[in-house]
Amino acid sequence: MTPSSPPWLHLVSAFLAMETADSLVSLAKLCGGGSITEEVQRFIWDHCINEAARKGNAPYLKSFLKKLINENESNCREVLDELYEQYAYLMTSMKSVKGNARVRKYITFLFPDGYLYLPSCPKSRKLMVPLQCSLNMLEGDTGCSIWPSSLFLSEFILSFPDIFSNKSCFEVGSGVGLVGICLAHVKASKVILTDGDLSTLANMRLNLGLNQLITETDAPEKLSEDQNVVKCIHLPWESASESEIHAFMPEIILAADVIYNPECFPHLVRVLANLMNQRKSFSQSQKETSESSVPDSIWVETKVNGANEGFIAHVHASGKSDSNGHGIDSRKGAPKRDHPVAYIATVIRNIGTFNYFLELAEQASLTITDITETLKPFNLLPYMQSYDRSSIRLFTVSSN
């Protein structure tokens, strides 16, 4: 019984990530062979309750203890006195949480056996990322919460570090900063994180500091070439100028869950198009356009409100070379390219909304390629029952 191996490791990791009480009880049962035994309760006391006491997540701890106690009492099983006492203490001493409460979550990426060959895999096979985020999912226009596509994109970066290592990377809408932290971990040569919300930027900088990363918030024209510094830039899409965008010159652009508000799409597509086209001369663009083939249309199936729906998207078949010279290198899983490419992870919640984004991208001469089935990241978050990776699509965006 040690927190260094499953299922005990999964229970502790889920607790630190503040998974739901139902998820924790499910994992606790797994540890106890179907029930929350005294041994499991002792483990929870030693490795979870004490951690919560040090990290100050009292409301979350209260919710978990209530669920755990009810679970055992309803099955006529004993509950440790220490757990009763801790719950009683929280009931009498804890003040209610009001407003946009911030909590400290710990997202732990667990690398399976046999993956030490990956440059992104620590010797311990465990990468823990502390993050301050909000309990209010809409705070900072969703920027202060951890969304599924951000987790997926982070898994993708850690699973295919060769794509991002020694590359200049730029994230559009960086939220809590998880993707940027993973980019720094795989040693991207430059990491530039942007967001249009100032409170989100402040929270992001705090998170970078929690992960021992130095931040720089200078304006784009003052960016230094210090490759050990993560840049944090205030960049509202609607007001970003072409010259301001061109100052970044990234090799790789990333975004997670940015395709949700149709009112923002014209601005988002304009930013993406400017980031993509900055390295290409007019003559190059003409040549590539004349040599390009018409993209295939494919049927992409997804689930919206639990029902299977689909849409026709003008995208290349995954894994084939496209008109811009992009393709998949089967040895490393890295796309071949000679100009910028973007990776966008998103949950398609509304077919009409997503098709509108595709229309605007096509008008801006951007090619959207679905690579969800081609480059599947490893499952580095096996303990997260609330994280449904099957609902997430991964696209590349490139310039025609």
Side-chain angles (χ1 to χ4, degrees), residues 1-108 110 126 128-139 144-147 151 176 203 206-207 210 381-388:
M1 186 178 69
T2 169
S4 63
S5 61
W8 309 96
L9 174 61
H10 291 177
L11 175 57
V12 173
S13 298
F15 183 85
L16 294 176
M18 297 183 68
E19 283 285 274
T20 65
D22 286 337
S23 295
L24 294 179
V25 167
S26 175
L27 289 168
K29 286 182 177 180
L30 186 61
C31 291
S35 61
I36 306 176
T37 63
E38 182 177 341
E39 180 187 35
V40 175
Q41 293 178 56
R42 181 62 61 186
F43 178 88
I44 290 172
W45 174 258
D46 292 338
H47 299 282
C48 297
I49 306 301
N50 290 335
E51 281 293 317
R54 286 196 295 269
K55 294 176 171 61
N57 292 332
Y60 175 71
L61 178 57
K62 175 187 170 185
S63 174
F64 170 46
L65 283 174
K66 180 180 179 180
K67 183 72 178 181
L68 186 150
I69 291 171
N70 286 341
E71 177 68 26
N72 266 22
E73 287 183 341
S74 64
N75 290 285
C76 301
R77 296 191 65 91
E78 295 287 334
V79 178
L80 286 184
D81 289 342
E82 293 93 325
L83 299 182
Y84 275 127
E85 291 168 1
Q86 182 67 33
Y87 182 64
Y89 169 76
L90 292 171
M91 286 286 290
T92 57
S93 65
M94 194 183 74
K95 296 180 180 179
S96 60
V97 178
K98 297 180 180 180
N100 296 334
R102 301 288 178 90
V103 295
R104 183 79 55 84
K105 292 187 179 183
Y106 292 77
I107 307 300
T108 307
L110 302 175
K126 181 172 68 173
M128 183 181 288
V129 179
L131 293 171
Q132 175 174 279
C133 53
S134 176
L135 294 176
N136 178 2
M137 295 293 281
L138 298 180
E139 184 186 355
C144 291
S145 295
I146 302 173
W147 289 76
L151 295 171
V176 295
N203 188 71
L206 186 150
N207 286 332
L210 289 176
L381 300 166
Y383 57 88
M384 275 197 174
Q385 298 181 6
S386 64
Y387 167 40
D388 180 15

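Just so it is clear, the model here is predicted, and its values are computed rather than measured. Hydrogens, waters and symmetry mates are skipped; everything else that's a heavy atom, side chains included, is used.
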Taking only residues two or more places apart in sequence, or in another chain, which ones meet Ser4 in a side-chain hydrogen bond (donor to acceptor under 3.5 Å, both in side chains)? Thr2
For the atom pair CG (Leu11) and CZ (Phe43), what is the distance rounded to the nearest 0.5 Å? 5.5 Å
Side-chain heavy-atom pair Leu65, Ile49 within 4.5 angstrom cut-off: yes
Side chain Asn203, main chain Cys133, donor-acceptor under 3.5 Å: no
Taking the side chain as C-beta and beyond, is there a heavy-atom pair between Leu16 and Met128 under 4.5 Å? yes
List the residues meeting side-chain contact (heavy atoms from CB on, under 4.5 Å) with Asn75, not counting sequence neighbours, and say none if there are none. Glu71, Arg77
Atom OH of Tyr387 and atom CG of Leu151: how far apart are they, to the nearest 0.5 Å? 5.5 Å
Residues forming a side-chain contact (heavy atoms from CB on, under 4.5 Å) with Leu210, sequence neighbours excluded: Arg104, Pro130, Leu206, Asn207
Return the CD1 to CD1 distance between Ile44 and Ile36, rounded to the nearest 0.5 Å. 6.0 Å
For Ser35 and Val40, work out which heavy atoms get closest and say how close. O-CG2, 4.5 Å
Sequence neighbours excluded, which residues qualify as side-chain hydrogen bond (donor to acceptor under 3.5 Å, both in side chains) partners of Ser386? Glu19
Compare all side-chain heavy atoms of Glu38 with those of Leu80 and state whether any distance is below 4.5 angstrom. yes
Could you give the distance from CZ (Phe15) to CG (Leu61), rounded to the nearest 0.5 Å? 5.0 Å
Can you sort out the partners of Glu82 under salt bridge (charged side-chain N to carboxylate O under 4.0 Å, His left out), two or more places apart, ordered by chain and number? Arg42
Name all residues meeting the salt bridge (charged side-chain N to carboxylate O under 4.0 Å, His left out) criterion together with Asp22; count only those two or more places apart in sequence or in a different chain, and write none if there are none. Lys67
As an exercise, state the distance from CG of Leu68 to OG of Ser63, rounded to the nearest 0.5 Å. 11.0 Å
Distance check, rounded to the nearest 0.5 Å: Asp46 atom CG versus Gln41 atom CD? 12.0 Å
Contacts of type side-chain hydrogen bond (donor to acceptor under 3.5 Å, both in side chains), residue Asn70, not counting sequence neighbours: none
For Lys126, all residues meeting salt bridge (charged side-chain N to carboxylate O under 4.0 Å, His left out), sequence neighbours excluded: none
Which residues satisfy the ring-ring contact (aromatic ring centres under 6.0 Å, His included) test with Tyr87, sequence neighbours excluded? none
Quick one: does Gln385's side chain get under 4.5 Å of Thr20's, heavy atoms only? no
Please report the shortest heavy-atom distance between Leu27 and Tyr383, naming the atom on each side. CD1-O, 3.9 Å
Set of residues satisfying side-chain hydrogen bond (donor to acceptor under 3.5 Å, both in side chains) with respect to Tyr84, sequence neighbours excluded: Glu73
Closest contact, heavy atoms only, Leu83 versus Ile69: O-CD1, 4.1 Å
According to the salt bridge (Lys or Arg N to Asp or Glu O under 4.0 Å) rule, which pairs have a member within residues 4-13, sequence neighbours left out? none
